[in-house]
Amino acid sequence: MARILITSALPYINGIKHLGNLVGSQLPADLYARYMRARGHEVMFICATDEHGTPAELAAAKTGEPVDVYCARMHEVQADLARGFRLSFDHYGRSSSPRNHRLTQHFAGRLAENGFIEEVTEQQVYSVADGRFLPDRYIEGTCPNCGYDRARGDQCENCTKQLDPTDLINPRSAISGSTDLEVRETKHLYLKQRALKDEIDAWIDRQTDWPVLTTSIAKKWLHDGDGLQDRGITRDLHWGVPVKKGDQDWPGMEGKVFYVWFDAPIEYIAATAEWADANGKTDADWERWWRTDKGAADVRYVQFMGKDNVPFHTLSFPATIMGSREPWKLVDYIKSFNYLNYDGGQFSTSQGRGVFMDMALSILPPDYWRWWLLSHAPESSDSEFTWENFQASVNKDLADVLGNFVSRITKFCRSKFGETVPAGGSPGAREAALVAELAGRIRAYDGFMQAMEVRKAANELRAIWVIGNEYLQEAAPWTTFKTDPDAAAAQVRTGLAMIRLFAILSRPFIPDAAAEMMRAMHSDDWSWPEDVQGCLNALQPGQPFEVPDNLFRKIADEEREDWQKRFSGIRA
RNA sequence: GGCUAGGUAGCUCAGCAGGUUAGAGCACGUGACUCAUAAUCACGGGGUCGGGGGUUCGAGUCCCCCCCUCGCCA
């Protein structure tokens, strides 16, 4: 039995995530967590909301709530949706937690002691009316190059020219519109990533089994242009982790907070501490997952994320950990994903284009989405969601191949033998061949699941479901029954047993349907089918079962067309 | 403009340490079956593997050039 630590990239707090976000990190991480638990491993699966930063403040201002209230509310909304999609986090934390405050300050203190922090004084635009410094992109004005009157302080969207906020003509705050701006001096902390570059570079070079998507992005940032740059890790904001050096004040940094990208990954660790707090555990209980000097040396740590998050996880966060010179667990494997596109374009949170988690659950149960998203996960390249494809996959794979299999065998049994597992007959050559074929497929499935080859695993699982139909078609118990009811009984037993087998194998992908299949067979034994033969003999003659309602319904053309229209436009 | 990834059957994608007639699922056609959610199973049609050069006995699979998507960076 191994110990596996799994983290999913943290969803940002300001709004509900779309399916592209879901399939890029949380969903595949859940698949892996569920599979590893099913195989008997000890799993710690962590996620959290990423709550700090200007976008959260602005979103809160829009709803008129204090930012902490807004975040608490949105955290619950996102946690509900996570439950709705059956994401099996051991803990769903918050980056604004006291644990994360302390730990973030701790890391900053260690980095400073080890000489990896530099204090830099710089000029920044301050909005008197807003009472705050403005990030470049929150300053608007007229572009000196093309005259566009809504150019942002970092770039003009019209002519694409790179700008400094001070270049803008008639600059104003994008938050309040106020023109009462002045340039003020402010001091910030920089993480000296350049000093750690060689160490990080060597570490990345050792990761020969990582997806190319992961390592190529890391190497690009390490070597491109002037190479890895130092990064500012503080901001002049109110909402965030106050800058401290461990538990000591940081002279000159009063009123400032750490920048989100610095505290967010640390929340992976802090959330595990939150897990301990929430479950009456001790510090030792979470430290054995994260401190290699306290039991985490044998932990395998796997991170899941979309490609946009790769730089932070391959460079910045490792720099934080390495620079602390403390024995924290570094990631062992980074599974990264490309983007899921929506019907010819991109999913867009700002434009409300695409399917969002809440809307998805309002039209269909989670298994339908889980199956389609996972079986089409954007692993090797960007992939595309279309309603036609979604309808076809769900109807064919779930309703026809799996759902109908369960339906046909249970209903046939009920009509000929009643709702108990029939006695009589015994397995023969066909059943032996069936076992061999299943065993081969399951071996392949296990291999893909362990390798986190999500799409290939889905294909293999589907192929396993097909074997059930093939078997029934060949054995044809409805024909056998006419001449040899005992032989038909043995065939039906085999068919019913496959429902249990499929439930176990399918649970990581479609947990609700799997639970229903298992329940219908009046069993609750989820042990992994190392012994396929034994698994097919597990149902005792005379044992009652139920004919479940249809596991999956089909999506009609009219529904699909309706959804297609509803989700193409602007989200309210 | 620089960089990453990708352009393989109508659709979504595999394949690539270079090697017999290029694969899967869906869709399509034919047949079988009738237990089942007009479900299932079998068989079949269908691709000059983005374009052009080159290396090789032999190239979707390696090299060069070009075109096109997507993203990141500037």
Side-chain angles (χ1 to χ4, degrees), chain A residues 20 24 154-155 160-163 211-229 306-312 314 336-347 371-373 375-417 444 448 453-463 465-482 488 491-492 495-496 499 547-556:
Chain A
D154 54 346
Q155 182 176 33
T160 74
K161 187 176 171 57
Q162 295 290 300
L163 300 171
V212 279
L213 182 64
T214 306
T215 49
S216 67
I217 291 174
K219 284 180 177 162
K220 175 193 150 32
W221 283 67
L222 279 165
H223 304 303
D224 220 42
D226 297 328
L228 186 61
Q229 296 300 301
K307 59 183 169 186
D308 51 328
N309 265 315
V310 169
F312 300 117
T314 52
S336 54
F337 290 84
N338 287 283
Y339 292 139
L340 180 68
N341 290 317
Y342 178 76
D343 226 353
Q346 290 178 47
F347 274 88
W371 173 254
W372 189 88
L373 290 168
S375 61
H376 293 78
E379 291 178 297
S380 57
S381 63
D382 291 357
S383 66
E384 173 139 334
F385 175 93
T386 65
W387 286 100
E388 288 84 357
N389 190 305
F390 176 68
Q391 176 191 27
S393 291
V394 164
N395 288 357
K396 192 69 191 173
D397 299 347
L398 295 181
D400 292 347
V401 175
L402 177 61
N404 184 56
F405 169 77
V406 172
S407 184
R408 66 194 294 206
I409 185 64
T410 52
K411 285 178 180 168
F412 177 75
C413 182
R414 180 172 62 186
S415 73
K416 302 300 181 198
F417 301 100
F448 289 137
E453 295 261 22
V454 176
R455 216 154 38 183
K456 289 179 181 174
N459 282 341
E460 213 58 38
L461 180 58
R462 197 198 118 100
W465 298 338
V466 168
I467 291 173
N469 284 308
E470 284 172 358
Y471 171 78
L472 289 187
Q473 205 65 31
E474 284 177 28
W478 45 91
T479 303
T480 315
F481 184 77
K482 293 171 187 163
Q491 291 166 344
V492 166
L496 292 172
I499 295 177
V547 175
D549 291 338
N550 284 345
L551 253 32
F552 301 98
R553 73 179 186 83
K554 294 209 196 191
I555 297 169

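Letters A, B, ... are given to chains in the order of the sequence lines, protein chains preceding strands, and every chain is numbered from 1.
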N/O donor to acceptor pairs below 3.5 angstrom from side-chain atoms of residues 389-396 of chain A, sequence neighbours left out:
from, atom 1, to, atom 2, distance (Å)
A:Asn389, OD1, A:Trp372, NE1, 3.0
A:Asn389, OD1, A:His376, NE2, 3.3
A:Asn389, OD1, A:Ser393, OG, 3.3
A:Gln391, OE1, A:Arg560, NH1, 2.8
A:Gln391, NE2, A:Ile555, O, 2.9
A:Gln391, NE2, A:Asp557, OD1, 2.8
A:Ser393, OG, A:Asn389, O, 3.1
A:Asn395, OD1, A:Ile555, N, 2.7
A:Asn395, ND2, A:Ile555, O, 3.0

If you pin A:Ser415 and A:Asn469 to their nearest nucleotides in RNA chain B, which one's is more 5'?
A:Ser415

Going by the glycosidic torsion and a 90 degree boundary from 0, is the base of B:G60 oriented syn or anti?
syn

Is the distance from OP1 or OP2 of B:A39 to the nearest side-chain N or O of A:Lys411 less than 4.0 Å?
no

Taking only residues two or more places apart in sequence or in another chain, which ones pass side-chain contact (heavy atoms from CB on, under 4.5 Å) with A:Ala463?
A:Arg441

For A:Asp397, check side-chain hydrogen bond (donor to acceptor under 3.5 Å, both in side chains) against everything at least two apart and list the hits.
A:Trp371, A:Arg462

Could you work out, with salt bridge (charged side-chain N to carboxylate O under 4.0 Å, His left out) as the rule, every residue matching A:Arg553, not counting sequence neighbours?
A:Glu559

Could you tell me whether a side-chain N or O of A:Glu379 sits under 3.5 Å from a main-chain N or O of A:Phe337, the two making a donor and an acceptor?
no

List in chain and number order the residues that pass side-chain hydrogen bond (donor to acceptor under 3.5 Å, both in side chains) with A:Glu470, two or more places apart in sequence or in another chain; answer none if no residue qualifies.
none

Those residues at least two apart in sequence (or on a different chain) that pass side-chain hydrogen bond (donor to acceptor under 3.5 Å, both in side chains) with A:Asn459 are none

Strand-adjacent residues in residues 473-481 of chain A, judged by heavy atoms under 4.0 Å from RNA chain B
A:Gln473, A:Trp478

Would you please name every residue forming a side-chain hydrogen bond (donor to acceptor under 3.5 Å, both in side chains) with A:Lys554, sequence neighbours left out?
A:Asp400

Close N or O pairs between protein and nucleotides 24-30 of chain B (under 3.5 Å):
from, atom 1, to, atom 2, distance (Å)
B:G25, O3', A:Arg462, NH2, 2.9
B:C26, OP1, A:Arg462, NH2, 3.4

